[in-house]
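What follows is a set of notes on a single structure, which appears directly below.
Atoms considered below: every heavy atom in the structure, side chains included; atoms not considered: hydrogens, waters and symmetry mates.
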Amino acid sequence: MSDADQFDFIIAGAGSAGCVLANRLSEDGRYRVALVEGGSRDNWIWFHIPVGYLFAIGNPRSDWMFRTEAIPGLNGRSLAYPRGKVLGGCSAINAMIYMRGQAADYDGWRRRGLEGWGWDDVLPIFRKHEDNWRGSSPLHGSGGEWRVEQPRLRWRILDAFRDAAAEAGIQRSVDFNTGTNEGCGYFDVNQKRGRRWSAARGFLRPALSRPNLVVITGALADRVIVKDGRAVGLAIRHEGRSQILHAKGEVVISTGAVATPALLERSGIGDAKRLGALGIDVVHHSPGVGENLQDHLQIRPIYSVQNVPTLNMQYRSLVRRGLMGLEYALLRRGAMTMAPSQLGAFTRSSSKYETPNVQMHIQPLSLDKFGDSMHDFPAITTSICNLRPTSRGSIHARSPRVEDAPIIEPNYLSTVEDQQVAADSIRVVRNIMAQPAMSAYAPSEVRPGAGLTTDGELVDAAAELGTTIFHPVGTARMGIDSDSHAVVDASLRVRGVDRLRVIDASVMPTITSGNTNSPTVMIAEKGAAMILDGAR
């Protein structure tokens with residue numbers, strides 16, 4: 001064993017959580033830290049231009065290209081399941097929307113017995129690393145690594161939708177991140193002066209010059225090495241050969257809700273029967289590994305419109321496309337700064353819900369799916385998702401081989417409640433589109449089609465239109481000691497294995513009510529503080 005292979009902390013995965021951890025654990029120079037990433041460095045232009053998600057999602061250069069198994073609730077369809085294959089992970093290819101969720105999400109975690117995870121506990125952590133365009137306040141931070149700005153583009157059709165939402169009883173919102181996100185307004189985005197602000201840019205780049213931080217890209221995290229009940233290293237596959245990194249302190253798994261359960265299982269941590277069937281020796285029986293998968297299923301109603309610009313038609317013009325590029329090059333403004341969705345809305349699908357249970361992402365464009373061409377008619381998409389689904393799925397290792405993609409079974413629309421929310425969500429959209437503020441644009445429902453009206457017809461439509469909105473969580477969830485399916489405790493330590501933690505979106509016991517990237521950054525910030533407190 002050489003000194004070069006020995007570290008105080010080893011972090012598997014350089015996504016949103018891993019970049020935060022690498023920064024914080026290496027910050028004071030006392031500890032030698034290794035950050036292992038299976039993807040590449042973020043040296044491709046489309047990782048930095050906001051509209052680059054159109055070229056990154058579904059591209060093997062930047063996306064792991066996972067697919068789900070056939071999903072019964074979606075009429076047996078298999079979905080692409082994008083995950084970022086680069087430093088910064090999904091924050092390098094995602095929608096850039098800054099969203100914390102609702103205070104009730106975190107208070108719900110605390111009611112489960114997870115002390116230190118309530119809204120009042122996590123709000124200071126969100127503020128610590130935030131650099132919000134609003135400046136410092138009791139709700140927001142300034143000067144941190146996680147830049148938050150207003151979008152740099154407006155669309156007349158989106159302003160009209162916001163007015164229509166108000167006519168339908170959904171008030172305007174000027175800030176979705178106060179603990180309640182009810183209302184309709186423009187999303188804040190993780191950008192800086194018109195460029196995507198990924199976790200790699202915000203957290204990792206300032207740390208790269210530190211001599212005590214070693215970043216290894218193109219290296220697959222194969223398994224955690226456990227001896228006498230303690231994590232002592234990480235086996236990786238790098239440049240065609242196997243290598244072991246040795247940990248004097250802790251090993252941290254931050255490979256995300258898709259890859260983390262498979263890494264745990266390859267390491268012998270999981271359901272004993274499942275591991276035995278794969279020929280993996282059991283290190284610790286943990287039946288919750290890979291279970292409890294939650295994700296936001298988006299249903300994408302599309303409406304053709306008239307008398308108003310949308311991106312569909314503007315992008316088809318070579319002249320307009322050239323002007324878009326020129327505007328971005330000179331001013332860092334315009335269509336190339338667009339997040340996939342600029343306008344958002346949070347409301348209830350029925351009066352039975354105490355807080356908003358559905359989120360809309362309204363887009364001045366339409367296409368069958370990301371990666372496809374936009375339609376050849378002016379249109380908008382009013383994507384809507386169930387924020388707190390009751391359906392639960394799973395993700396498991398397919399084999400002991402690190403090269404084999406995991407088995408992803410989201411199990412969407414498997415409960416009656418989720419089916420009802422899906423049907424009612426389409427009705428929410430229809431009600432907004434029927435308001436006077438939209439009438440000048442003559443919206444016409446292209447998908448799913450105005451002729452579908454019954455619950456059964458709308459659930460069938462949701463099964464045909466539904467797709468992931470890229471928010472998988474929960475596959476290595478936190479829980480109290482009496483919870484036999486809790487993979488980690490409230491300090492994110494893996495039960496049954498000393499000096500091993502999971503710090504990423506997989507630890508969420510329940511999904512947050514909104515986009516999940518910034519809650520993951522918060523979890524990493526809190527997790528890093530826990531590790532450092534234990535090391536002192």
Side-chain angles (χ1 to χ4, degrees), residues 9-27 33-39 42 64 83-94 96 98-101 106 109 117 122 125-126 128-130 144-146 190 197-207 213 215-217 219 221 224 234 250-264 294 395 470-478 487-488 490-494 500-509 511-512 515-532:
F9 302 118
I10 299 171
I11 305 162
S16 297
C19 288
V20 176
L21 289 161
N23 182 306
R24 297 297 188 246
L25 297 182
S26 66
E27 196 165 16
V33 179
L35 178 65
V36 178
E37 167 58 36
D42 59 339
W64 285 105
R83 296 283 89 191
K85 187 181 178 183
V86 60
L87 293 176
C90 291
S91 73
I93 68 171
N94 70 0
M96 297 164 282
Y98 180 72
M99 188 65 59
R100 296 169 176 173
Y106 303 98
W109 295 2
W117 289 97
V122 303
I125 302 170
F126 279 115
K128 175 183 175 181
H129 54 243
E130 189 179 12
E145 296 90 350
W146 202 220
N190 290 119
W197 198 250
S198 70
R201 287 185 64 85
F203 293 95
L204 184 58
R205 185 167 294 186
L213 175 64
V215 179
I216 308 170
T217 56
V224 178
L234 180 71
E250 296 194 37
V251 177
V252 185
I253 298 177
S254 298
T255 45
V258 173
T260 284
L263 174 53
L264 285 168
Q294 298 156 63
I395 299 179
F470 322 128
H471 297 165
V473 307
T475 50
R477 66 176 170 86
M478 286 189 278
V487 179
V488 301
S491 295
L492 310 181
R493 295 173 296 206
V494 174
L500 176 64
R501 299 195 204 220
V502 173
I503 303 180
D504 59 29
S506 66
V507 305
M508 294 186 191
I511 196 166
T512 52
N515 310 74
T516 54
N517 188 235
S518 287
T520 302
V521 171
M522 178 277 294
I523 288 168
E525 184 81 77
K526 186 174 177 66
M530 291 172 172
I531 292 172
L532 292 173

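R100 is listed as a side-chain neighbour of E130, based on a closest heavy-atom distance under 4.5 Å. The closest side-chain heavy-atom distance from V252 to V502 is not below 4.5 Å. The closest side-chain heavy-atom distance from R493 to V488 is not below 4.5 Å. Taking the side chain as every heavy atom from C-beta outward, V507 and I523 approach each other to under 4.5 Å. Using a 4.5 Å heavy-atom threshold, the side chains of S518 and N190 count as touching. A heavy-atom distance below 4.5 Å is not found between the side chains of S91 and M96. A 4.5 Å side-chain heavy-atom check between T520 and M508 finds at least one atom pair inside the cut-off. Taking 4.5 Å as the limit, some side-chain heavy atom of T217 sits within range of a side-chain heavy atom of L87.
In summary, the side chains of S16 and N517 do present a donor paired with an acceptor at a separation below 3.5 Å, with no hydrogens or angles considered. No side-chain N or O of H129 forms a donor-acceptor pair with one of E145 less than 3.5 Å apart.
What you find for P261 and I395 is that their closest heavy atoms are CB-O, 3.6 Å. Nearest heavy-atom pair, A12 versus A221, reported as atom, atom and distance to 0.1 Å: CB-CB, 4.0 Å. The two residues G39 and W64 come nearest to each other via the heavy atoms N-CZ2, 3.8 Å. When every heavy atom of M530 is checked against every heavy atom of L492, the shortest pair comes out as SD-CG, 4.4 Å. Nearest heavy-atom pair across V20 and A524 is CB-CB, 3.7 Å. When all heavy atoms are compared, the tightest approach of P472 to V258 is CG-CG2, 4.2 Å.
In terms of modelled atom types and a separation under 3.5 Å, the side chain of D504 and the main chain of T255 share a donor-acceptor contact. A distance-only check finds no donor-acceptor pair linking the side chain of E525 to the backbone of I125 [under 3.5 Å]. Under the 3.5 Å distance criterion, the side-chain polar atoms of R477 are left unmatched by any main-chain donor or acceptor of S506.
The residue from T260, T475, L264 that alone fulfils the side-chain contact (heavy atoms from CB on, under 4.5 Å) condition with V487 is L264.
Interatomic distance, CD1 of I11 versus CD of E37, reported as 11.5 Å (0.5 Å rounding). The CG atom of N23 lies 13.5 Å from the CZ atom of R205; values are rounded to the nearest 0.5 Å. Expressed to the nearest 0.5 Å, how far CG of N94 lies from NE2 of H471 amounts to 7.5 Å.
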ask   = Should L204 and L35 be marked as a side-chain contact (heavy atoms from CB on, under 4.5 Å) after you check the CA-CA gap, both sets of side-chain angles, and the distance that decides it?
value = CA-CA 10 Å; L204 184 58; L35 178 65; 3.7 Å; yes
ask   = What's the verdict on side-chain contact (heavy atoms from CB on, under 4.5 Å) for R24 and I531, showing C-alpha distance, side-chain angles and the deciding distance?
value = CA-CA 10 Å; R24 297 297 188 246; I531 292 172; over 6 Å; no
task = Kindly determine whether V224 and I253 satisfy side-chain contact (heavy atoms from CB on, under 4.5 Å), including the steps that lead there.
result = CA-CA 9 Å; V224 178; I253 298 177; 3.9 Å; yes
ask   = How far apart are the C-alpha atoms of C90 and F470, what are their side-chain angles, what is the distance that settles it, and do they pass the side-chain contact (heavy atoms from CB on, under 4.5 Å) test?
value = CA-CA 9 Å; C90 291; F470 322 128; over 6 Å; no
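The aromatic rings of Y106 and F126 stand perpendicular to each other, their planes meeting at an angle above 60°, with 30° marking the opposite boundary.
Relative to the ring axis of W117, K526 places its NZ or CZ within 45° and under 6.0 Å from the centre.
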